[in-house]
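These notes concern the structure reproduced below.
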Amino acid sequence: MSTEGVIYRVAGPVVTATGISPKMYDVVHVGNEQLMGEVIKIVGDYSIIQVYEDTSGIKPGEPVTNTGRPLAVELGPGLLTSVYDGIQRPLPVLRDKMGDFIYRGVSAPGLDHDKKWDFKPTVNVGDEVSGGQVIGTVQEGPILHKIMAPVDIKKSKVDSIKPGSFTVDDTIAIIGGREVSMLQYWPVRVPRPVSEKYQPDVPLVTGLRVLDTMFPLAKGGAAAIPGAFGTGKTVTQQSLAKYSDAEIVVYIGCGERGNEMTEVLTEFPELVDPRSGESLMKRTVLIANTSNMPVAAREASVYTGMTIAEYFRDMGYNVSLMADSTSRWAEAMREISSRLEEMPGEEGYPAYLAGRLSEFYERACRAKTLCGEDGSISVIGAVSPPGGDLSEPVTQNTLRIVRVFWALDTKLRERRHFPTINWLTSYTMYDKQLLGWYKANVAEDFPALRAWAMQTLQKEAELQEVVQMVGSDSLPDEQKVTLEVAKMIREIYLQQNAYHPVDCYCPLPRQYKMMSLIKKYSDMSEKALAAGVTVDKISSLPVRLRFAQAKYEENTDAEFDAVEKDMDAQFGTLGV
């Protein structure tokens, strides 16, 4: 098989070469500068290559070399705290080499091959191990990094293993006559195997009331956050990264504007991890591929991030993967597809858009790993539809795949209601599967309270249409109370300040307490109406104001107990 060839044609990031006889998705080096690329189409002797770097200046006749290997990432200690580009080149390392502007053809390994790690074996000589089983551990910041036997190792005896300080390239064990190091390579387009996939029946607890109560995401599930510019996608994803009960965060900035990615890169190290009190960055991997970087690397970045996430899942960790935004990823596919002169689908996107989106989102799962642990990857994909149009192809194809839809609303942003997740258009398909967990771990009546709150908000939406036509004074008292209760659900419960030290995270028991108090207020209001009390007297009770302020108090739970006592006393004065 020939590994040397020449460039035949150049069309932007798509280069045609002859004479290399590659396999599909082989990595090749293109031109005199040895630019990295990937074979995406083979027609006879012609190999079509997408190049991960700017192709300006390269010309037909320059050499092309086939490596014979697919695009793969380095997996091992040192991934956490790293900032990579779309093909796992560490950006801080490249900056140290050449300054703020990266030259073409420059590469660096994904992991630090000189740093030594303290390895502690968890198996002994003579033990039988198989692929994926944990053979030792390394402490990497707050995370115990589990070193696993390579997946392709069949059940074999450990010939030798020793503790000590090693680089990722050093031999730490010999298993079945094969030398094993802490470094593994894995092709990004191939999902890592698991023993068994579980039903998604455990929620990803986020601390955001509108998500945990109204539209929960299961661990191992996939959610989409479509929204126009300025509706709070990035802030919502940062809150999820900081407070969700996932041990590892993988954040993919896929084709976002440079200033937005800069904010993420500067803010993440400053965010304090509420579990350890250290920087959140110590359990985070960032992949930065801004909109001015080559489109081919943008297309690869989501697979790179997913492979890293699967590696930590295989250790038995719950991983939260943020992709911001899949629209830019789809635009990269559209550009490459047009260069390949493929038949375009709707709005110029390739016909295989839905298939590629499915491939990505369906790698999310909660599973029993090869080492016998339970791990999960929960994927939250931001979608940036042009002009906020949710009927465009990327949003629509994403909604066919994911089972949670968090719709961000520009009208809520204008009303300063954050998070701007619209409770009328958002949905979750995990609610029935999570029912048993909520009943067992929060309260037996928590699902019933959620259903009541959603019903109240639906009634409010219907009544608002009447109010706009004839005014609220024409409504009967029962419906006026419904509007007041819905207002409490919206302003006290659903609104949440991501920057407030207390209100930024709301544990599930507190969410249950808050919703129970609103339901209690509703029930007592109905009794007061039946006793002849006017709506004005009910809505002007001082407990309303105290309730609204209670979620910001330092001793919040004690304050809610005091609110309940106030409610009983003040409704008592009305004869209830």
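Both backbone and side-chain heavy atoms feed into the values below; hydrogens, waters and symmetry mates do not.
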Exercise: identify the closest heavy-atom pair between Ala354 and Ile401:
O-CD1, 4.0 Å

Okay, side chain of Gln396, backbone of Leu399: is any donor-acceptor separation there less than 3.5 Å?
no

Spatial distance of atom CD1 (Ile58) from atom CD (Glu53) [nearest 0.5 Å]
10.0 Å

Flag the pair Arg366 and Glu196 as a salt bridge only when some basic side-chain nitrogen lies within less than 4.0 angstrom of an acidic carboxylate oxygen.
no

Walk me through it: do Tyr349 and Asn397 pass the test side-chain contact (heavy atoms from CB on, under 4.5 Å)?
CA-CA 11 Å; Tyr349 288 104; Asn397 281 301; over 6 Å; no

Going by atom types only, do Asp409 and Thr420 share a side-chain donor-acceptor pair under 3.5 Å?
no

Closest approach of Ala309 and Ile377, non-hydrogen atoms and distance?
C-CD1, 3.7 Å

Return each pair, listed once, that meets ring-ring contact (aromatic ring centres under 6.0 Å, His included) where at least one residue sits in residues 395-415; pairs must be two or more places apart or across chains.
Phe405-Tyr427

Going by atom types alone, do Glu335 and Ser338 pair a side-chain donor with an acceptor below 3.5 Å?
no

Between the side chains of Asp212 and Thr206, is a donor N or O closer than 3.5 angstrom to an acceptor N or O?
yes

Rounded to the nearest 0.5 Å, what separates atom OG in Ser47 from atom CD1 in Ile7?
12.5 Å

Going by distance alone, is a donor N or O of one side chain under 3.5 Å from an acceptor N or O of the other, for Ser384 and Ser327?
no

Side chains of Gln455 and Arg450 only: does a donor on one sit below 3.5 Å from an acceptor on the other?
no

Is there a side-chain contact between Met214 and Leu457, using heavy atoms and a 4.5 Å cut-off?
yes

Please check: side-chain N/O of Thr307 versus main-chain N/O of Val188, any donor-acceptor pairing under 3.5 Å?
yes

Short side-chain to backbone donor-acceptor contact, Gln50 and Pro13, under 3.5 Å
no

Please report the shortest heavy-atom distance between Ala222 and Val402, naming the atom on each side.
O-CB, 3.5 Å

For atom OH of Tyr198, decide whether the heavy atoms of other residues, nucleotides or ligands shown that lie under 6.0 angstrom number more than 12.
yes

Distance in Å, Leu286 CG paired with Met322 CE, rounded so as to fall on 0.5 Å steps
11.0 Å

Is the shortest side-chain heavy-atom distance between Ser82 and Pro90 below 4.5 Å?
no

Side chains of Val302 and Thr326, heavy atoms from C-beta outward: is any pair under 4.5 Å?
no

Strictly by modelled atom types, are Thr304 and Gln88 linked by a side-chain donor-acceptor pair under 3.5 Å?
no

Run the numbers on Arg510 and Asp503 for salt bridge (charged side-chain N to carboxylate O under 4.0 Å, His left out), then give the verdict.
CA-CA 11 Å; Arg510 190 182 301 162; Asp503 194 41; over 6 Å; no

Salt bridge between Asp374 and Arg313, side-chain N to carboxylate O under 4.0 Å?
no

Less than 4.0 angstrom from a charged side-chain N to a carboxylate O is my criterion; do Asp245 and Lys219 meet it?
yes

Do Leu408 and Lys233 have side-chain heavy atoms sitting under 4.5 Å apart?
yes

Is Arg339 close to Arg334 at the side-chain level, that is, under 4.5 Å between some pair of heavy atoms?
no

Heavy atoms only: give me the nearest Pro216-Val404 pair and the separation to one decimal.
O-CG2, 3.7 Å

Answer yes or no: is there a side-chain heavy-atom contact under 4.5 Å between Phe215 and Trp423?
yes

Assess whether a salt bridge exists between Arg490 and Glu460, defined as any Lys/Arg side-chain N lying under 4.0 Å from an Asp/Glu carboxylate O.
yes

Do Ile143 and Leu80 have side chains that approach each other closer than 4.5 Å (heavy atoms only, starting at C-beta)?
yes

So, using side-chain hydrogen bond (donor to acceptor under 3.5 Å, both in side chains) as the criterion, who are the partners of Tyr317 when residues are at least two apart?
none

Separation between CG of Leu508 and OH of Tyr512, rounded to the nearest 0.5 Å
12.5 Å

First locate atom CD1 of Ile42, then atom OH of Tyr25, and finally report the distance between them rounded to the nearest 0.5 Å.
10.0 Å

To the nearest 0.5 Å, how far apart are OG1 in Thr428 and CZ in Arg403?
8.0 Å

Under a 3.5 Å cutoff, is there a donor and acceptor pairing between the side chains of Tyr361 and Thr398?
no

Step-by-step side-chain contact (heavy atoms from CB on, under 4.5 Å) determination, Val235 to Tyr499:
CA-CA 10 Å; Val235 173; Tyr499 298 104; 3.5 Å; yes

Which heavy atom of Ile287 sits nearest to which heavy atom of Asp85, and what is that distance?
CG2-O, 3.6 Å

For the residue pair Glu342 / Tyr352, report whether a side-chain donor-acceptor contact shorter than 3.5 Å exists.
yes

Between Glu414 and Lys411, is there a side-chain N and carboxylate O pair less than 4.0 Å apart?
no

Could you go step by step and tell me if Thr410 and Leu412 meet the side-chain contact (heavy atoms from CB on, under 4.5 Å) rule?
CA-CA 5 Å; Thr410 49; Leu412 289 177; over 6 Å; no

State plainly whether the residues Glu310 and Arg363 are in salt-bridge range, i.e. N to O under 4.0 Å.
yes

Sorted by chain and residue number, the side-chain hydrogen bond (donor to acceptor under 3.5 Å, both in side chains) partners of Arg189 (sequence neighbours excluded) come out as Glu38, Glu299

So, is the end of the Arg298 side chain (NZ or CZ) under 6.0 Å from the ring centre of Trp329 and within 45° of the ring's axis?
no

Can you confirm whether Asp324 sits close enough to Cys254 that some side-chain heavy atom of one is under 4.5 Å from a side-chain heavy atom of the other?
no

For Pro419 and Leu208, the nearest pair of non-hydrogen atoms, with its separation, is CG-CD2, 4.5 Å

